[in-house]
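This one's a predicted model, so the numbers in the text were calculated from it and none came from an experiment. Hydrogens, waters and symmetry mates are skipped; everything else that's a heavy atom, side chains included, is used.
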Amino acid sequence: MNRNNNWNSSLYIAAVPLGLAAAYLVVCWPFEALVSVQRHLGAGSEVVTESTPPTMPGAQIGFLILFFAAVAGLALVAAVRRFIEPNETEPNSFPGTWRTRTLMSAGLFPIGLCMASLLSPEDAENLSRTSDYGNPAQWWNSAHLLVAGSAEEPFFSALPVLLLFGVVGLVWRVQPWMLGIVIASSALFRASIHLYQGTGQALSAFVWGAVAVYVYYRLRSLTGLVLAHTAWNAFVIANNGDYTAAQIVIGGCIAFTALWSIYRLSNTSTFDHSDRACPTAAAGHTSNATSEGHR
């Protein structure tokens with residue numbers, strides 16, 4: 001009884017800041033998508049890339065908007081995991097500890113990025129550009145890139161899956177087509193915010209965005225996705241700034257994690273039983289989930 005009372009009290013205390021966080025995201029991301037589409041339509045053939053010299057006011061404002069989006073998104077994911085989604089909905093198709101699932105998601109995400117880049121020659125072209133870090137605004141642009149993973153992954157990868165199983169799944173049994181709609185909708189939304197970079201990069205974002213949602217669905221590791229997204233953007237920054245040592249270190253870590261995740265994924269049937277995650281029931285919830293995490 002005391003545990004339930006504490007749980008309810010925590011929910012009431014967190015309601016106001018979480019409501020503000022949700023309102024911020026509901027306004028922020030559609031606004032970002034609208035601006036991206038307008039820039040794409042207005043720019044014609046002009047493509048804006050990570051190495052495009054930014055202006056100081058725009059770079060600072062862009063960073064702050066994304067920073068607060070990251071804080072709001074991470075807070076909402078933590079709240080949904082704590083108050084809404086039962087732990088029983090965690091899939092066990094890829095068994096393993098939290099550390100294993102984090103490393104696997106961190107490795108699978110860049111694989112999706114590499115696959116998606118084949119659809120966008122602009123991605124390869126962007127990696128060969130050189131940024132002018134003598135421009136102070138370029139450092140704000142780099143900070144914007146480094147916080148992008150923390151802002152995008154909670155909203156586009158984690159929240160859609162958590163709300164599908166934690167809210168919709170409480171009323172209806174989650175069917176594969178529902179998950180497909182969630183993945184496609186999230187990927188399309190994410191593509192729209194990258195449209196200002198060109199049609200090719202928007203298509204690329206659709207593909208790796210869909211991969212990110214599916215990876216989160218299977219592994220439930222937001223940490224891995226955020227780390228992989230941030231590492232990839234850090235590699236782009238290092239490449240554009242011609243920082244060879246940073247390129248080698250970051251690129252090597254990305255490659256090693258990707259290869260390890262492929263190896264681990266191909267040997268899931270040989271996992272030791274003790275390596276399996278054993279979710280326990282959340283307070284106040286009962287489970288009707290199957291072994292695949294569907295309700």
**Asked** Do F189 and P30 have side-chain heavy atoms sitting under 4.5 Å apart?
**Response** yes
**Asked** Please walk me through it: do R81 and L222 pass side-chain contact (heavy atoms from CB on, under 4.5 Å)?
**Response** CA-CA 11 Å; R81 292 297 301 268; L222 178 59; over 6 Å; no
**Request:** Taking all heavy atoms of W232 and all of P110, pick out the closest pair and write down the distance.
**Result:** CE3-CB, 4.2 Å
**Prompt:** Is the backbone of L146 close enough, under 3.5 Å, to the side chain of N233 for a donor and an acceptor to pair up by distance?
**Reply:** no
**Asked** Any side-chain heavy atom of Y196 within less than 4.5 Å of one from Q201?
**Response** no
**Request:** First locate atom CG of L195, then atom CD of E32, and finally report the distance between them rounded to the nearest 0.5 Å.
**Result:** 13.0 Å
**Prompt:** Quick one: do V26 and L20 end up in the same hydrophobic cluster if we chain Ile, Leu, Val, Met, Phe, Trp and Tyr together by side-chain heavy atoms under 4.5 Å apart?
**Reply:** no
**Asked** Is it the case that one hydrophobic cluster holds both Y214 and M115, taking links as side-chain heavy atoms less than 4.5 Å apart, direct or via other members?
**Response** yes
**Message:** Any side-chain to backbone donor/acceptor pair from S36 onto S192? Under 3.5 Å, distance only.
**Reply:** yes
**Side chains of W29 and E152 in contact at under 4.5 Å (non-hydrogen atoms)** = yes
**Message:** Looking at I181, is its backbone amide N or carbonyl O close enough to the side chain of S185 to form a donor-acceptor pair, meaning the two atoms are under 3.5 Å apart?
**Reply:** yes
**Message:** Could you tell me if the side chain of W172 sits less than 4.5 Å from the side chain of Q175, heavy atoms only?
**Reply:** no
**Request:** Would you mind reporting whether F235 and Q247 have side-chain heavy atoms less than 4.5 Å apart?
**Result:** yes
**Asked** Does S186 reach the main-chain N or O of I183 with its side chain, forming a donor-acceptor pair under 3.5 Å?
**Response** no
**Asked** Which one of V161, L163, V167 satisfies the side chain to side chain contact (heavy atoms under 4.5 Å, CB included) criterion with F165?
**Response** V161
**Item:** Side chain proximity check, H229 to L113, heavy atoms < 4.5 angstrom
**Value:** no
**Asked** Is L259 reachable from L219 through a run of hydrophobic residues whose side-chain heavy atoms are each under 4.5 Å from the next?
**Response** no
**Message:** Would you say V27 ends up clustered with V16 if hydrophobic residues are merged whenever their side chains have heavy atoms under 4.5 Å apart, either directly or through other cluster members?
**Reply:** no
**Fill in**
Taken to the nearest 0.5 Å, the spacing of L227 CG from I254 CD1 works out to 11.0 Å
**Message:** Run the side-chain contact (heavy atoms from CB on, under 4.5 Å) test on F206 and L188 for me, step by step, so that the C-alpha distance in whole Å, both residues' side-chain angles and the decisive distance to 0.1 Å come before the verdict.
**Reply:** CA-CA 6 Å; F206 178 88; L188 185 62; 4.1 Å; yes
**Prompt:** Looking only at heavy atoms, which two atoms of A238 and A246 are closest? And how far apart?
**Reply:** CB-CB, 3.7 Å
**Item:** Nearest-0.5 Å distance that lies between atom CG in L159 and atom CG in L25
**Value:** 7.5 Å
**Asked** By side chain to side chain contact (heavy atoms under 4.5 Å, CB included), which residues pair with Y24, not counting sequence neighbours?
**Response** C28, I65, F68, A69, A72
**T223 side chain to T102 backbone, donor-acceptor under 3.5 Å** = no
**Request:** Please identify each residue that fulfils side chain to side chain contact (heavy atoms under 4.5 Å, CB included) with L164, with sequence neighbours left out.
**Result:** V168, V174, M178, L179, V182
**Request:** Rounded to the nearest 0.5 Å, what's the gap from OG1 on T257 to CG on L103? Could you check?
**Result:** 6.5 Å
**Message:** Measuring only between side-chain heavy atoms, which start at C-beta, is L108 closer than 4.5 Å to V211?
**Reply:** no
**Asked** Minimum heavy-atom separation for S157 to Y216, with atom names?
**Response** O-CD2, 3.7 Å
**Fill in**
G149 and T230 have their tightest heavy-atom pair at CA-OG1, 4.3 Å
**Request:** Identify whether NZ of Lys or CZ of Arg in R190 sits under 6.0 Å from the centre of the six-membered ring of F155 and within 45° of that ring's axis.
**Result:** no
**Item:** Any donor-acceptor N/O pair, R101 side chain to S221 backbone, under 3.5 Å
**Value:** no
**Asked** Would you say F109 and E153 make side-chain contact, with heavy atoms under 4.5 Å?
**Response** yes
**Message:** According to side chain to side chain contact (heavy atoms under 4.5 Å, CB included), who are the partners of I262, at least two apart in sequence or on a separate chain?
**Reply:** I111
**Request:** Assess the pair H194 and W208: is the distance between their ring centroids shorter than 6.0 Å?
**Result:** yes
**Request:** Applying side-chain contact (heavy atoms from CB on, under 4.5 Å), run through T199 and H40 and close with a yes or a no.
**Result:** CA-CA 8 Å; T199 305; H40 175 73; 3.4 Å; yes
**Item:** Path from V35 to I61 over hydrophobic side-chain contacts below 4.5 Å
**Value:** no
**Request:** Over all heavy atoms of both residues, which pair between V215 and S105 is shortest? Give the atoms and the distance, please.
**Result:** CG1-CB, 3.6 Å
**Request:** Return the minimal non-hydrogen interatomic distance between A79 and L18, and the atom names on each side.
**Result:** CB-CD1, 3.3 Å
